[in-house]
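Input: a single structure, listed below in C-alpha cells.
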Amino acid sequence: MKILVPVKRAIDYNVKVKVKADESNVDLANVKMSINPFCEIAVEEAIRLKESGTATEIVVVSIGALACVEQIRTALALGADRGIHIQTEAELDSLQIAKLLKTVVDKETPDLVILGKQAIDSDNNQTGQMLAALTNMGQGTFASKVAISDGQVAVTREIDGGLQTVSLTLPAIVTTDLRLNEPRYASLPNIMKAKRKPIETIAADSLDVNLTSNVKLLKVSAPAQRSGGVKVADVAELVAKLKTEAKVIA
Amino acid sequence: MSILIYAEHDNTELKAETAKLVHAASQIGGDIDVLVAGHDCAAVAQAAAAISGVSRVLVADAGCYQYQLAENVSALVVELADGYSHILAAATTTGKNFMPRVAALKDVAQISDIIAVESADTFVRPIYAGNAIATVQSSDAVKVMTVRASAFDAAALGHSAAIEALTQAHDAGLSHFVSAELTVSERPELTAANVIISGGRGMQNGENFALLNGIADKLGAAIGASRAAVDAGFVPNDMQVGQTGKIVAPQLYIAVGISGAIQHLAGMKDSKVIVAINKDEEAPIFQIADYGLVGDLFDILPELEAAL
Ligand SMILES: Cc1cc2nc3c(=O)[nH]c(=O)nc-3n(C[C@H](O)[C@H](O)[C@H](O)COP(=O)(O)OP(=O)(O)OC[C@H]3O[C@@H](n4cnc5c(N)ncnc54)[C@H](O)[C@@H]3O)c2cc1C
C-alpha cells in the first residue's frame, strides 16, 4: 500500500507572528519555519503504518518555493521514502493546492492520502476536503485513530460533540488531529540517510492547473489588544470585582 | 443576492450557531434560505423557521443525511447552489468537514472562519492563531464561507418562514457511519455558554476537574480545557478550547492552571472578561487577564466555590 503525505512549510508554532507596518501581510523575514505540526502528525502516522507492515511506500509532497525542500528532507529523515517538490513562488489558496495535489494523486495512485487538518498560518482547514472532492474520494477528517483492513479505513474523528467513527473505501483521504499520535524526532543517522533519498522537482506551471485565485488579500492588521494584566489579592476581591465592576456574575 | 445557510443541528435540536449565521447573512443582504439536512429533523426545521429574516427553510430529510456525512451533504448543497450568491455554514466540525468539498466542486475558494462582513464581497478573518486579522475580497461567483458564530449576535426569533421539503437524496456511497461516542452533559455547550471555566495541565489529573464542577454549577458555566489537559487524558477532546479546538467568546472565561500559550489564547481571547488563576505570576495568561489571581488552584478553587 502506498501513502501520499502532503506537507506544508509554515511558521514554527512557537513563534508569535507580527504584522508588517504597511499592513500588506505578516512579516516572515528571518522567522523560524518548520513542517506544519498537523502535517508532521500525518508523516508520523504514515511511518507507523509502514512499520506495522500495512504500508510499503511513503511519498511526501510539498508545494511552494525552493525552501520547501527543507521540510521534504525533514519528512524523509523521519522515515518517508521519497519526495516530490512542486515548485512555485506564487501565493496559492487551498483550491489551487488541492488541484496540484490532484495531479500527484492521479500520477502516483496512492491508496491513502494523509494530510494535516489545518495549517497554523492560514488556519484554513480546507485542503484535504477539497482534494477528496476533486478526486471523488471519501474523507475522514480530524482523525484521532486510523485503522486499515480489507480495503477499508476506519477513521475515528474528533467532532464538537465527542468522537465519531466512519468507514471509507480505499483510496481515501484522512486529515489528522492532535491526538492521532505523537511525532518522533529524526535521528542523526536518519538525517544523513535522508540526504540520499530522491526528491523529484516539478514546476507548478508545467502542470495543467489554473493557479490564479479569485480571493484578494486587501490587508492584514494586528488584532485588537486586550488591556489585561490586573491582579487581585484574593478570592474575596475577585468575586467583588466580578459582581460590581465587571458585572458578569450576579 | 440570495444566501443559503446550512443549519447546525443534531436532528433533534437547532444549535445556537444558526441564528448567528442568519444575523451575519443579514449584514451581507439578500434573501436568506436555511437548509436543514438530516433525518427525522422536523423539529429542527420548525426552529429554523422561527428565526427572523429567514425566507424559506428547505428540509432534506433522508437516511443518507442522518450523520451529515461530508460526501453526501456536499452533493446536496452543490445541487442547490445554483442561484445563490453566498453559501454559509458555521465553522463547527460539521461545517469545516463538508464546506471545502462544496467549494472545490463549485471550483471556487472557501473563505474560512469569517468574523466580520465588510460588504457583500469583502470579509474579515483571523489567521495565525488570531495574531493577525486578514481582510479578503472574493470575486468568485458564489462565495462559500464558514462563519465563526461567536463573532456575531443572534438574529431574533418569533417568525414563521415557509418550510419546503426537498426530495433529493444523495448517497455518494464513499463513506459509512460506524459509531459515535458523544459526551453527555447537563451543562451548556461550550460554544453557547455565557460563562466558561477551563482547566489546564495544572489540574494534574481528571479527578481534580471535579473541583470545577461546583463553581460551574453555581455560575451555570460550561467546562473547558487546554490541549495539554486533553492530551494527558484528563478530559475528552470536545472540551479543548483553542486555535485548533473550539473558539469561544463568553461573558466570563476563567482559566485555571493554564499557562496561556498562543494556541489557547486564540480560542478564548475574545471573551468579555477573563479571569486567570495560576501559581506562576509570570504565566503569559496574566497579560490578557482582566483579573489575575496568583496562587495554588487547589486552595483557590474551594474558596471560590464557597464565595459564590
Ligand atoms: C499545532 C498545535 C495546536 C495547538 N492547539 C491548541 C489548542 O487548540 N488549545 C490549547 O489549549 N493548546 C493548543 N496547543 C498547545 C499549546 O501550545 C500549549 O502546549 C497548551 O495550551 C498548554 O496547556 P496548559 O496551559 O494547560 O499547560 P502548561 O503550559 O503546562 O501550563 C500549566 C500551567 O498551570 C500552572 N499550574 C500548575 N500547577 C498549578 C497549581 N497547583 N495552581 C495553579 N496553577 C498551577 C502552571 O504555572 C502553568 O502556567 C497547540 C499546540 C500545537 C503545536
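Worth knowing before you read on, the calculation uses all heavy atoms, side chains too, and leaves out hydrogens, waters and symmetry mates.
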Structural part of [X] lying under 4.5 Å from a heavy atom of chain A:
X: B:Lys143; result: neither
X: B:Gln110; result: both
X: B:Gln240; result: side chain
X: B:Asn194; result: neither
X: B:Ser185; result: neither
X: B:Ile274; result: both
X: B:Lys269; result: both
X: B:Ala307; result: both
X: B:Leu190; result: neither
X: B:Leu304; result: both
X: B:Arg227; result: both
X: B:Ser74; result: neither

Shorter than 4.5 Å, heavy atoms on both sides: which option in [options] has the most such pairs with chain B?
options: A:Thr156, A:Leu168, A:Val230, A:Asn14; answer: A:Val230
options: A:Asn124, A:Val19, A:Val26, A:Leu242; answer: A:Asn124
options: A:Val220, A:Asp234, A:Val15, A:Thr175; answer: A:Val220
options: A:Ile120, A:Asp177, A:Thr169; answer: A:Ile120
options: A:Thr141, A:Asp93, A:Asn25; answer: A:Thr141
options: A:Asn210, A:Leu163, A:Val215; answer: A:Leu163

Neighbour count above 12 (heavy atom, 6.0 Å) for [X] [atom1]:
X: B:Glu13; atom1: CD; result: yes
X: A:Lys145; atom1: NZ; result: no
X: A:Lys20; atom1: NZ; result: yes
X: A:Lys2; atom1: NZ; result: yes
X: A:Asp22; atom1: CG; result: yes
X: A:Asp106; atom1: CG; result: yes

Give a yes or no on whether the backbone of [Y] and the side-chain of [X] come within a donor-acceptor separation of less than 3.5 Å.
X: B:Arg101; Y: A:Met130; value: no
X: B:Lys246; Y: A:Asp160; value: yes
X: B:Thr93; Y: A:Ile159; value: no
X: A:Gln139; Y: B:Asn97; value: yes

Can B:Tyr291 and A:Glu237 be said to form a side-chain hydrogen bond (donor to acceptor under 3.5 Å, both in side chains), step by step? CA-CA 10 Å; B:Tyr291 303 107; A:Glu237 187 187 347; over 6 Å; no

Which of the residues [options] is involved in the greatest number of heavy-atom pairs with chain A at under 4.5 angstrom?
options: B:Ala109, B:Ala180, B:Ala103, B:Ala289; value: B:Ala289
options: B:Asn237, B:Leu182, B:Val136; value: B:Asn237
options: B:Lys272, B:Lys218, B:Gln251, B:Arg125; value: B:Arg125
options: B:Asp10, B:Val294, B:Asp107, B:Leu219; value: B:Asp107
options: B:Ile288, B:Ile262, B:Thr244, B:Asp113; value: B:Thr244
options: B:Gln243, B:Glu189, B:Glu303; value: B:Gln243

Could you report the tightest heavy-atom contact between [X] and [Y], atom names first, then the distance?
X: B:Ala129; Y: A:Asp123; answer: N-OD2, 2.9 Å
X: A:Gly138; Y: B:Glu71; answer: CA-OE2, 3.3 Å
X: A:Arg226; Y: B:Ser271; answer: NH1-O, 2.6 Å
X: B:Gln137; Y: A:Leu218; answer: OE1-CD2, 3.7 Å
X: B:Ile133; Y: A:Pro223; answer: CG1-CA, 3.8 Å

Which bit of A:Ala236 comes within less than 4.5 Å of chain B, counting heavy atoms only: side chain, backbone, both or neither? neither

Is there side-chain contact between [X] and [Y], with heavy atoms separated by less than 4.5 Å?
X: B:Ile127; Y: A:Asp121; result: no
X: B:Leu174; Y: A:Met137; result: no
X: A:Gln164; Y: B:Gln68; result: no
X: B:Leu293; Y: A:Val235; result: yes
X: B:Asp238; Y: A:Glu158; result: no
X: B:Gln263; Y: A:Tyr13; result: yes

Worked verdict on A:Val248 versus B:Val195 for side chain to side chain contact (heavy atoms under 4.5 Å, CB included): CA-CA 9 Å; A:Val248 286; B:Val195 180; over 6 Å; no

I'd like to know if A:Lys241 pairs up with B:Asp290 as an ion pair, taking the criterion as any Lys NZ or Arg NE/NH1/NH2 lying under 4.0 Å from an Asp or Glu carboxylate oxygen.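 Looking at B:Asp290 together with A:Lys241, the answer is no, because their closest N to O distance does not fall below 4.0 Å.
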
Row check, B:Phe286 ring normal vs A:Lys231 NZ/CZ: under 6.0 Å, within 45°: yes

NZ (A:Lys219) and OG1 (B:Thr122) are apart, to the nearest 0.5 Å, by 11.5 Å

Apply side chain to side chain contact (heavy atoms under 4.5 Å, CB included) to residues B:His176 and A:Val166 and explain how you reach the verdict. CA-CA 5 Å; B:His176 300 278; A:Val166 293; over 6 Å; no

What verdict does the side chain to side chain contact (heavy atoms under 4.5 Å, CB included) test give for B:Val275 and A:Leu238, after you've listed the backbone C-alpha separation in whole Å, the side-chain angles of each residue and the deciding distance to 0.1 Å? CA-CA 9 Å; B:Val275 170; A:Leu238 174 64; 3.9 Å; yes

Report, in residue-number order, which members of residues 110-118 of chain A are under 4.5 Å from chain B by heavy-atom distance.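 Residues A:Lys117, A:Gln118 are the ones that qualify, each having a heavy atom under 4.5 Å from chain B.
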
Show, in sequence, the C-alpha distance, side-chain angles and deciding distance for B:Leu252 and A:Ile249, and conclude whether the side chain to side chain contact (heavy atoms under 4.5 Å, CB included) test is met. CA-CA 8 Å; B:Leu252 172 61; A:Ile249 63 175; 3.7 Å; yes

